[in-house]
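These notes concern the structure reproduced below.
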There are 2 protein chains.
Amino acid sequence: MSASFRSTAAQLSYGIVGLGLMGGSLAKAFRASIVNACGAQGRIFACDRSAAVLVQAQTEGVIDGGWQPEAVHEMLALCDVVYICLYPQATRQFLLDNASFFKETAIITDIAGVKSIVADGLSGVFASGADFIPGHPMAGSEKEGYAHSSAQIFYGRNYILMPQPENSPAHIAFLKNLVTEIGFSRIIETSVETHDRKIAFTSQLCHVIASALVASAEDCHITEFGGGSYEDLTRIAMINAPLWTELFLENRDMLLSQIDAFRAELDSLSGYIKSGDAEQLMNALENVRERRSAMNRLETSA
Amino acid sequence: MSASFRSTAAQLSYGIVGLGLMGGSLAKAFRASIVNACGAQGRIFACDRSAAVLVQAQTEGVIDGGWQPEAVHEMLALCDVVYICLYPQATRQFLLDNASFFKETAIITDIAGVKSIVADGLSGVFASGADFIPGHPMAGSEKEGYAHSSAQIFYGRNYILMPQPENSPAHIAFLKNLVTEIGFSRIIETSVETHDRKIAFTSQLCHVIASALVASAEDCHITEFGGGSYEDLTRIAMINAPLWTELFLENRDMLLSQIDAFRAELDSLSGYIKSGDAEQLMNALENVRERRSAMNRLETSA
């Protein structure tokens, strides 16, 4: 990253709305990489329902000041960059409720895992000139809350940005530099609709499958018979139920379509197994191996 | 492990039939932990179709001698412990073809991932007194062959032993010591039937799911949108098609029953999503989280 980006970014004030796993991790990453002790003029602020979390983060030196939600407009008035780290519906509601409180030059972004319900129809809401650029950092943990946050979770991960027609190119470039600086290794720019379709597959379908796999275990001692596969497939089943209920339902049509596509392939494989058709089964598995290898090759060459 | 086990084990000769990923890893682990250079009288031998692999393993100091399949009886005559590391059908065929060539005191075991087709009806085959104890090391890799073998893959893994009524308790105890010495951390003793039912779930079903998930991806660029979940769920889809075709078909009824149970849970979750029933969906996900936590707790206390 350029030295000029670093020196600019270090002078700015960052506001994190929601200091949970993701908000906390972003705050720690900004502190570690952007606004650190070496003479920086910038500040990191946060808003959270929990006064205890704000006190903890300030005591740890992660944030320079904290606000509870009823006073968030005081924080927004100070922030050049605002990261909204709430659940999807709450993210949209926050944007609508606080549209007039952002700085006129603010860059606003979010982390919600579904995007059309967050971002559609917001054009013109920010009359002041503040710029909302929807985003989705493809990082996380099966552990929740500020207590599990870490600046390390972003390293080598994908970041999806969904720039809107009204966004300033300079603001988009700034965000790309910012997330690169904290460790993301690949930034994909796409539309809200493409995001929701792809994420229905790579993220939501995987969580549905992991959940069904845990639900169908005959008992909870099953991992005595595990060799790594079951553990890998169900790590994400330590699921945050309220969040994922919202993500599944707010991307319902896309997700159901991906579930149907998966079920068709499952039916096809189980059909070959049922009929004992070794040749068809072997061909299908060879194709799977070839596709998975191609995915690896594309990753390696990315 | 006791010093007396170590000194006994170091004097024995070990034969590995099939020097692929698993056979090669076992040979390397025996060399590292059991029969090493410190004055040991024991030997590690191997049989493989590939003369090149035998030469490589001997050059690397992993084995002390190699035989191709047509001369395997020469090797078996020397071996106190024989590990058959072949595909399931080939394992059974090897046992039947070579029953009279094992030493009278030999401990014989295997690694096949389905067991009833390997082990059923073998009682009395080994007239000489050789003792076949079916086993399944729950370790492996999505990479194949001796070139990817490693003594490290067994560390912290589960080992399933399926002792038969005719097996000598001393031989069973020896095998348990042996696999503990090379890194396995938990040994489960169970029946062939229970093994096949549990493994249909923890291993085969997971491979079917991972394969269906790769097959249903809309393209091979999908990992651009990955955040770890998809990668975790499909690592094992780099599948060895001939081996898994055999494993799936030879455990067909058990596997189909597990696929049905999984599909019922998938249908249930997708039904809640389709109907938009947030309360039922949230309850189901809370149950999943509780079950997955219970599995973790049982693991930790094991």
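FYI, side chains are in, hydrogens and waters are out, and symmetry mates aren't considered; it's all heavy atoms of this structure. First the proteins, then the strands, lettered A, B, ... as listed; each starts at 1.
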Let's test your reading of the structure: which of [options] forms the most heavy-atom pairs below 4.5 Å with chain A?
{"options": "B/A284, B/C206, B/S216", "value": "B/S216"}
{"options": "B/A294, B/P242, B/A264", "value": "B/P242"}
{"options": "B/F248, B/W244, B/F201", "value": "B/F201"}

Residue part contacting chain B, namely of [X], when any heavy atom lies under 4.5 Å:
{"X": "A/T190", "answer": "side chain"}
{"X": "A/I188", "answer": "side chain"}
{"X": "A/L281", "answer": "both"}
{"X": "A/S141", "answer": "neither"}
{"X": "A/I222", "answer": "both"}
{"X": "A/L233", "answer": "both"}
{"X": "A/Y159", "answer": "neither"}

**Message:** Quick check: under 4.5 Å, non-hydrogen atoms only, which of residues 249-263 of chain B neighbour chain A?
**Reply:**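 Answer by number: B/L249, B/R252, B/L255, B/L256, B/I259, B/A261, B/F262, B/R263.
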Write down the atom of [X], the atom of [Y], and the distance for their closest heavy-atom approach.
{"X": "A/N158", "Y": "B/G226", "result": "ND2-O, 2.8 Å"}
{"X": "A/H207", "Y": "B/S229", "result": "CE1-OG, 3.4 Å"}
{"X": "B/E265", "Y": "A/A212", "result": "CB-O, 3.6 Å"}

Does any backbone or side-chain atom of [X] lie under 4.5 Å from a heavy atom of chain A? Answer side chain, backbone, both or neither.
{"X": "B/I209", "result": "both"}
{"X": "B/S185", "result": "neither"}
{"X": "B/D232", "result": "both"}
{"X": "B/A217", "result": "both"}
{"X": "B/N283", "result": "neither"}
{"X": "B/H136", "result": "neither"}
{"X": "B/L266", "result": "both"}
{"X": "B/I236", "result": "side chain"}

Would you mind telling me which of [options] has the largest number of heavy-atom pairs within less than 4.5 Å of chain B?
{"options": "A/T194, A/L205, A/D267, A/I199", "answer": "A/D267"}
{"options": "A/A210, A/S293, A/S203, A/S268", "answer": "A/S293"}
{"options": "A/K274, A/H221, A/E224", "answer": "A/E224"}
{"options": "A/G228, A/A237, A/P137", "answer": "A/A237"}
{"options": "A/V214, A/V208, A/N287", "answer": "A/V214"}

**Request:** Inspect the surroundings of CD in B/E193 and state if more than 12 heavy atoms from other residues, nucleotides or ligands are less than 6.0 Å away.
**Result:**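 No, because the 6.0 Å sphere around CD of B/E193 holds 12 heavy atoms or fewer from other groups.
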**Request:** Verify, without hydrogens or angle tests, whether A/T202 (side chain) and B/F225 (backbone) share a donor-acceptor contact under 3.5 angstrom.
**Result:**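 Yes, because the side chain of A/T202 sits within donor-acceptor range (under 3.5 Å) of the backbone of B/F225.
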**Asked** Quick one: does A/R292's side chain have a donor or acceptor within less than 3.5 Å of a partner on B/I239's backbone?
**Response**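 Here the side-chain-to-backbone pair does not exist.
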Atom [atom1] in [X], atom [atom2] in [Y]: separation rounded to 0.5 Å?
{"X": "A/E142", "Y": "B/R289", "atom1": "CD", "atom2": "CZ", "answer": "10.0 Å"}
{"X": "B/R291", "Y": "A/M238", "atom1": "CZ", "atom2": "CE", "answer": "13.0 Å"}
{"X": "A/D219", "Y": "B/M295", "atom1": "CG", "atom2": "CE", "answer": "7.5 Å"}
{"X": "A/Q204", "Y": "B/I273", "atom1": "CD", "atom2": "CD1", "answer": "8.5 Å"}

**Request:** Find out whether A/L285 and B/S211 are in side-chain contact, i.e. whether some heavy atom of one side chain is under 4.5 Å from a heavy atom of the other.
**Result:**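 A/L285 vs B/S211: side chains touch.
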**Close side-chain approach of A/K198 to B/E218, heavy-atom, < 4.5 Å** =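 In contact.
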**Prompt:** What residues of residues 143-157 of chain A sit under 4.5 Å from chain B when you count only heavy atoms?
**Reply:**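 At a heavy-atom separation under 4.5 Å, chain B is reached by A/E144, A/R157.
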